[in-house]
Amino acid sequence: MTAANTTETRAMDLADFFSASEARVDRWRTLNRVAKALAGTSPGPGAAAEQQPQLLLAELAPLEDLCGYPGPRLMAQVHERLESGDRTGFARLVQRISNALLTNSYRDDPDPWRADEQSEAHVADVLPPSIGRGQARRPYCEILLVSPSERALWPEIRETFRRLRRTEDEFVYETVVVGSFEDAALAVVFNHDLQAVVISDGFAYPSPHTVPVLREILARQVQIAGAESSGDLGTTLARLVRRWRPELDVYLTTDRDVARLAGSPDAAPIRRIFYGVEEPMEIHLSILDGVKDRYETPYFDNLKRYAQRPVGTFHALPVARGKSIFKSNWIRDMGEFYGANLFLAESSATTGGLDSLLEPTGNIKVAQDKAARALGGDRSFFVTNGTSTANKIVHQALLRPDDIVLIDRDCHKSHHYGLVLAGAQPLYIDAFPLAQYSMYGSLAIKPIKKALLQLKAEGKLDRARLLVLTNCTFDGHVANVRRTMMECLAIKPDLIFLWDEAWFGFARFSPFLRRRTAMGGATALRDLMRDPEYRKRYEAFKKSVGELDPRDPKLLDMELLPDPDKVRVRVYETDSIHKSMSALRQGSIVVVADQDFHTVEASFKEAFFTHTSTSPNLQIIASIDLARRQMELEGYELVGRATQLAIETRREINTHLLISKYFRAATPAEMIPAEYRTSGFTDWGAPGWKMADTIGALDDDEFYLDPTRVTLLCGAAGYDGTQFKGLLASEHDIQINKTSRNSVLVQFNINNTRSDVAHIIKALADIARGIERRLAEGGEAEQAAFDARVKSLVEDVPDLPDFQRFHDVFRDNPKSATAEGHMREAYYMAYDAANREHVKLNSKEIDERLVKGPELVSAKFVIPYPPGFPIMVPGQVVTKEIIAFMRKLDVKEIHGYEAAKGLELLSPDALAAHGKKNSSR
Ligand SMILES: Cc1ncc(COP(=O)(O)O)c(C=O)c1O
């Protein structure tokens, strides 16, 4: 057997790119196996048996050069033992390294750093004297040094930094030295342990290793980073590093005119500039200080201190300190289950440095500023009652009664309720349907532009204040945030955007998805509006198009450019930190990049007061602070792994001979109509697709699919979504969240492991085997019943109903081409029982009224779950399509509808009276 058939050696595609560190561990495992087989045998003539480990080591070399562990010293030992014929010693060392990499124990334990027979004295200065346990633990990380020095001098450079270690250091790091731009970029991409990069001017560009996939990515990135800097390699590299991993600290040592450089835009991505290497200790301290800045969790750190103090409490909240629990005869198990710290860290006071969420001036304020930095905004606000509340806060803060809000009807119900509270008029726009899966896609740019242009044509554009979009959607549709905002701002330069990124907070920590987050889009927009090249583009656009004529249909099909002198960048993002990061349930955040925030600061505060409990949960606040710490320090690694696992799972489902007969992971091509994928992107790892093309799709396509949200089609297995969800839970201990008529949604997040992949794949294989057996044993009748069931699930799917319109009495001008309406009036009309009527869904009355009138007008939000979007809102005219859809719905949970009573409608008399009352508008 050769190395070629024991390890994967095919060219890297996107999936492999994500999995480089997995591939590395895999190779070490193989090496371990091979070394074990060699151990105890003696080298024969020609030592042919050594060839395979040598090949594996050669494959590993380019990656090992980029990693601090095992590092050059242990790698030299590995080679030495192999070459000297010490097969047993070789096997022992390889096993130690392989295990340490597999379990990450090198980050916590000095042992893996020893070559086994080294003496303690000798190793003392080699090992990171980490690393400890509990409070004494000093987290381990690695620092990249980009050096112009000869390779022969690198050991000395590493030693210099080791000698700087002090017992009072809070973190322990190993250095990785590289000598070229390409190797530095490679290390930043592949080495998850890196926390800082120290660049010394004067290094070369090309890597001695050839890694084509890196060159593909770099070509585009370097072009961008280079275009933005004045062109020298050091600052271009700094920009590139921060673009790929904005959380990393970058330091530059140079012997150029540091004062001039420090004041130039080139220095923006650099944390500190040093003159030459005059102060290694300063560099060391700066590195530690930078890591500490991310590590410190001001609110959580203080809460830990608070919990240790002997505080006497004379306020509400008896659970604080836990005395009544630990001494209780009857609920002592509560204390045992949750542990003492939960109660010691509880208080209803805002003293003791605990700060106030409602009026933060201390550690909550600092924690919020750090979260804003981590997520790429100007400021942030912690919310302890979920994104449901975060959304309502933003609506209420920005909107006044009768403002018009363009909104995707498919968005979360908190927005619709937020609009009722704010009294703004929703202008509902329908997302593109994916009727075959009984779900909506997302809201495309064209219908938004159409609505804005109609508003302009009718002289109502000044009332259009906010556009609300979901990004990504429940099913993973990711918008082209930058382009959406650009085109809208071309029509209305001060439009505000609320991007509901409840599911998507993690995306900030993916170098691929970051550009498609609200804050990524806002940053791009700000940069672009300052860019002289963009100004030229805009001037040319203006010359060819002139003043926008809202009645010109051509505008819908061309890309509109906004006027850089008029644009106001006003972007709000809400994230459920608890959905994709390590916050406790309901931990959420509003992130803001609004250049006119000062104009809404007071109303934002009012809205925050309106919706925020005066007893916010301390643990939720602390967990948001901690989630931020984690993502800034290891988000890149965790998100990369989750993405990798999701892509592998998709691939396994769709290529497994048995599983793919009955199940399918819907690909981007299936989830996104071709018109929104102009790049032609169909799937990760599709034949002929290069990494650079995929990045092109990420940059330019109107929609992209979040790979971590896997729509698993189960209709071909004869299961509807709800049934299949039940089956996975009851028989296979697998919990999933969302279902549709013929699919379930399998979500990957930073908590998933390779064992989880095995779990779901095994479950699908077992279920598929069960179906095969049942069909084989059941004969023709079973097959016919199965085929009919599949047909009903896969083909006989109901069309998804459009919104259509509000009843005329809720519209300022029923003849208007735009569909906004006074939803709040309809909502409150229904509070009066005299205004309501009930009609049974399957009654003849409904069919008759659909033909002859009077119109059916919903009194309520009616939200079937799944799919979870409102198919009726208060004041909406109920169409025959909506009735047909509801009659076909086979879900048990329909919020706002009780089958026994029937549809709750506003009565024709009440509507007539309302119309009369408002006849003057
Ligand atoms: C798009 C979207 N926004 C907001 C929310 C509400 O978030 P939370 O559960 O944090 O209140 C959800 C919940 O599922 C959602 O899907």
Side-chain angles (χ1 to χ4, degrees), residues 357 371 375 380-396 405 407-421 426 428-429 431 439-443 466-479 481 497-507 513 516-518 572-591 607-608 610-613 616-617 619-621 623-624 627 703 705-706 708-709 711 721 725 735-740 744-747 749 861 863-870 891 893 895:
L357 183 65
L375 290 163
S380 85
F381 301 88
F382 291 176
V383 179
T384 56
N385 193 18
T387 299
S388 305
T389 294
N391 288 337
K392 286 180 207 143
I393 290 172
V394 178
H395 282 285
Q396 188 171 333
V405 176
I407 175 165
D408 174 357
R409 185 175 51 101
D410 190 18
C411 54
H412 187 257
K413 59 185 181 174
S414 52
H415 297 284
H416 308 277
Y417 284 111
L419 290 175
V420 168
L421 294 176
Y428 284 118
I429 312 177
M439 62 176 75
Y440 274 97
S442 194
L443 190 47
L466 181 68
L467 170 64
V468 181
L469 289 164
T470 312
N471 187 51
C472 66
T473 64
F474 218 141
D475 302 294
H477 294 94
V478 183
V481 174
F497 299 87
L498 167 54
W499 294 92
D500 179 338
E501 302 200 343
W503 297 105
F504 207 46
F506 75 95
L513 296 177
R516 283 184 174 248
T517 62
Y572 291 73
E573 166 185 322
T574 52
D575 296 309
S576 292
I577 306 286
H578 68 99
K579 286 196 204 296
S580 72
M581 301 174 233
S582 297
L584 297 178
R585 197 114 172 98
Q586 298 191 1
S588 173
I589 198 167
V590 180
V591 191
F608 198 83
T610 308
H611 294 281
T612 303
S613 164
N617 186 309
Q619 316 318 320
I620 296 178
I621 301 172
S623 72
I624 299 173
F703 291 105
L705 194 68
D706 171 2
T708 67
R709 306 181 73 78
T711 294
K725 174 179 173 171
Q735 285 183 0
I736 48 117
N737 186 333
K738 180 189 178 277
T739 61
S740 81
V744 298
L745 181 71
V746 178
Q747 292 176 46
N749 64 41
F861 287 107
I863 305 176
Y865 194 89
F869 59 82
V891 300
E893 208 177 315
H895 304 163

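All values below come from the heavy atoms of this structure, side chains included, with hydrogens, waters and symmetry mates left out. Indexing begins at 1, ligand by ligand and atom by atom, following the structure's order. Count residues from 1 along the sequence.
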query: Closest non-hydrogen protein atom to atom 8 (P) of ligand 1, residue and atom name please, with distance?
result: T387 N, 3.4 Å
field: Close approach of Q586 to ligand 1, heavy atoms, under 4.0 angstrom
entry: no
Nearest-neighbour protein heavy atom for atom 12 (C) of ligand 1, which is reported as residue plus atom name and distance: H412 CD2, 3.2 Å
query: So F506 and F504, would you call those rings parallel, tilted or perpendicular, with 30° and 60° as cut-offs?
result: perpendicular
message: Could you check whether any side-chain N or O of R409 sits under 3.5 Å from a backbone N or O of P870, counting only pairs where one atom can act as donor and the other as acceptor?
response: yes
- request: Give the residue, atom name and distance (to 0.1 Å) of the protein heavy atom nearest atom 14 (O) of ligand 1.
  value: K579 NZ, 3.3 Å
field: From I620 atom CD1 to N385 atom CG, the distance as rounded to the nearest 0.5 Å
entry: 8.0 Å
- prompt: How close does the nearest protein non-hydrogen atom get to atom 16 (O) of ligand 1, and which residue and atom is it?
  reply: W503 NE1, 2.8 Å
Backbone of N737 reached by a side-chain donor or acceptor of Q747 within 3.5 Å: no
query: Do we see a donor-acceptor contact under 3.5 Å between the side chains of T387 and S588?
result: yes
task: Output the list of atoms in ligand 1 that are nearer than 4.0 Å to some heavy atom of S576, sorted by atom number.
output: 7 (O), 8 (P), 10 (O)
field: Closest protein heavy atom to atom 11 (O) of ligand 1, given as residue, atom name and distance to 0.1 Å
entry: S388 OG, 2.6 Å
message: Quick check for you: to the nearest 0.5 Å, what is the distance between T517 atom OG1 and N471 atom CG?
response: 8.0 Å
Atom 3 (N) of ligand 1: nearest protein contact (heavy atom, Å): D500 OD2, 2.6 Å
- request: Would you mind running through ligand 1 and noting each atom that sits below 4.0 Å from a heavy atom of T470?
  value: 1 (C)
query: Is the F608 ring parallel, tilted or perpendicular to the F381 ring (thresholds 30°, 60°)?
result: tilted
query: Considering only heavy atoms, does A502 approach ligand 1 within less than 4.0 Å through its side chain, its backbone, both, or neither?
result: side chain
message: Nearest non-hydrogen contact with atom 10 (O) of ligand 1 belongs to which option: K413, H415, H578?
response: H578
- prompt: So does R516 pair up with D706, basic N to acidic O under 4.0 Å?
  reply: no
